[in-house]
Number of protein chains: 2
Amino acid sequence: MTDQAVSTVSSEQLAERAGVNAAKVRKDLSYLGTYGTRGVGYAVAELVDEIARELGLTHDWPVAIVGLGNLGHALANYHGFGARGFRIVALVDADAGKVGNQVGDLTIEGIDDLDVLVADRHVAIGVIATPAGAAQEVTDRLVAAGVSSILNFAPAVVTVPSGVSLRKVDLATELQILSFYQQHRRPSALGTEGSDHAAPDRAGVT
Amino acid sequence: MTDQAVSTVSSEQLAERAGVNAAKVRKDLSYLGTYGTRGVGYAVAELVDEIARELGLTHDWPVAIVGLGNLGHALANYHGFGARGFRIVALVDADAGKVGNQVGDLTIEGIDDLDVLVADRHVAIGVIATPAGAAQEVTDRLVAAGVSSILNFAPAVVTVPSGVSLRKVDLATELQILSFYQQHRRPSALGTEGSDHAAPDRAGVT
DNA sequence: CTCTGTGAAATTTTTCACAGCG
DNA sequence: CGCTGTGAAAAATTTCACAGAG
């Protein structure tokens, strides 16, 4: 909407785009302390700012990616990160054959440099894109080095100490969820603008 | 647990591994119609079978990946899929320079062959790994060709007709969620076995 | 008039707690 | 005994519905 120079938006419009109830939009935004204008709606620019602030996107979060296989490369090249304030500051791989290779602006570094590099560049978020077998060890090393948020793409369950945030993206799980719906496809479908298992995630707290 | 030849498991044990309450495990499993044995627990093999059946993993779901950039390659090479019954049967890209390239066992095919290929190989699930700009068009073509489930990795919102399942994995969103927790990090952390925003997804219905 | 902000109601989810089976 | 299955209670989320601000 910002791109389209829309200046204000109603809860009804936001609700339609998000596929939810308008009351929910208003209730949720009310928790942000965001004030819309009665009779008008929400100022788009203001709303974007307030949400960015609440999500911590006004801070700068240096990210390190560990594991430069296909997925690691995909993540390293992914433009969406920079656009939302995440700065990739290090690419790390255990394979000596990859160390020294250039990926975009960055050079792949060895896993032995992890400690130094995390400290020097104030890495806040570690992304695990290693094979499953290496995931726990890499996680431990990242945490030991001071990283407090981990995003795990490896198909392995890893555990972290209390106080460290952990999220896991499991590609196969996503397919399983689709498979579940395919399996239970209703004879007559509901919904207006298409189906919607696209709803975002739930999450617990540390 | 199957790998470790564990024969039975209690709701308490499952709950600990999943990071939830034991009563929830029992309640949830009760909806499956799965019967545990009182005083003993659940038979691992039986539970795995019943869950697989419920999720539709006993069926064979042919998958087509569209867009063979880094992410597409990562997905094509990702072993977790086959392990859970998803068979990748086609790789499609619009770039003539990529068509004919081999990735694993498959050869990249042109987007113009999409219709034929979806029909011939009974593709049930389409994975979008294209740039954002191409996502909606590719989705439309997949749907027109008969694909009824879409997993969208492109950083773009796509819409599908009613009756088609859609999920979106947004890599930047995952980072934003971590950033939110980092921002709101409690001075004293809770939880025993580490934090847990690793909780799975919510989902709506078609 | 329109559209927000929000108490209150409705609904859904989660947890408790315990009867009862093996 | 130990652990499931499940009503009932508790908690959380979502929706309703409307007073009131602009």
Side-chain angles (χ1 to χ4, degrees), chain A residues 1 6-51 53-54 177 180-181 184 186 190-193 195-206, chain B residues 1 6-51 53-54 177 180-181 184 186 190-193 195-206:
Chain A
M1 287 180 158
V6 176
S7 65
T8 62
V9 60
S10 70
S11 58
E12 190 62 60
Q13 291 171 295
L14 287 171
E16 188 183 335
R17 298 228 192 175
V20 300
N21 185 295
K24 181 137 124 63
V25 170
R26 293 201 298 277
K27 181 73 95 176
D28 285 2
L29 290 180
S30 77
Y31 290 117
L32 278 186
T34 298
Y35 283 26
T37 309
R38 294 177 184 219
V40 178
Y42 300 89
V44 172
E46 192 183 317
L47 201 52
V48 167
D49 281 354
E50 292 211 35
I51 291 172
R53 177 157 39 256
E54 185 66 19
I177 294 170
F180 173 80
Y181 285 108
H184 293 141
R186 301 245 190 91
L190 303 173
T192 52
E193 182 244 317
S195 65
D196 176 80
H197 337 143
D201 302 41
R202 195 193 328 162
V205 245
T206 293
Chain B
M1 286 179 158
V6 176
S7 65
T8 62
V9 59
S10 69
S11 58
E12 190 63 60
Q13 292 171 294
L14 288 170
E16 189 184 333
R17 299 228 191 176
V20 299
N21 185 294
K24 182 137 124 63
V25 170
R26 294 201 298 278
K27 182 73 94 176
D28 285 2
L29 290 180
S30 77
Y31 290 117
L32 278 186
T34 299
Y35 283 25
T37 311
R38 293 175 186 222
V40 179
Y42 300 89
V44 172
E46 192 182 316
L47 201 51
V48 167
D49 282 355
E50 293 212 34
I51 292 173
R53 178 157 37 257
E54 185 66 18
I177 295 170
F180 174 80
Y181 285 108
H184 293 139
R186 302 243 191 94
L190 303 172
T192 52
E193 183 245 317
S195 65
D196 175 82
H197 336 142
D201 300 40
R202 197 193 328 163
V205 244
T206 293

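Below, chain A is the first sequence line, B the second, and so on; all start at residue 1. Computation of the quantities below employed the complete heavy-atom set of this structure, encompassing side-chain atoms and omitting hydrogens, waters and symmetry-equivalent molecules.
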What integer distance in Å separates B:L14:CG from D:dG2:P? 19 Å
Can you tell me how far the OG atom of A:S7 sits from the CD atom of A:E46, to the nearest 0.5 Å? 12.0 Å
At what distance, to the nearest 0.5 angstrom, does OH of B:Y42 lie from CG of B:L29? 4.5 Å
When you measure from the side chain of B:A23, which nucleotide among C:dT4, C:dC16, D:dA17 comes out closest? C:dC16
Nearest 0.5 Å, please: how far is OG1 in B:T8 from CE in B:M1? 9.0 Å
Give the residues of residues 31-47 of chain B touching DNA chain C, defined as any heavy atom closer than 4.0 Å, sorted by residue number. B:R38
Value rounded to 0.5 Å, distance of CG in B:D28 from CG in B:L14: 11.0 Å
Could you tell me whether the side chain of B:V48 reaches within less than 4.5 Å of the side chain of B:V44, counting heavy atoms only? yes
Gap between atom NZ of B:K27 and atom OG of B:S11 - 0.5 Å precision: 13.0 Å
Distance check needed: D:dG5 C1' versus B:N21 CG, whole Å only. 14 Å
Proximity to the side chain of B:R26 - top-ranked nucleotide from D:dT4, C:dA8, D:dC18: D:dT4
Would you say that A:L47 contacts A:I51 through its side chain, given a criterion of any heavy-atom pair below 4.5 Å between the two side chains? yes
Output one line per pair: protein atom, nucleotide atom from nucleotides 10-12 of chain D, and distance, for all N/O pairs under 3.5 Å.
none

Check whether any side-chain N or O of A:K27 sits under 4.0 Å from OP1 or OP2 of C:dT6, and answer yes or no. no
On the nucleotide D:dT14, are OP1 or OP2 found under 4.0 Å from the side-chain N or O atoms that A:K24 carries? yes
Can you check whether B:S11 has a side-chain N or O nearer than 4.0 Å to OP1 or OP2 of D:dC3? no
Evaluate the side-chain proximity of A:Y35 to A:E50: yes if any heavy-atom separation is below 4.5 Å, no if none is. no
If I take atom CG in residue A:D28 and atom C1' in nucleotide C:dT4, what distance separates them, rounded to the nearest angstrom? 14 Å
Which whole-number value in Å describes the distance from A:E12 CD to C:dG5 P? 15 Å
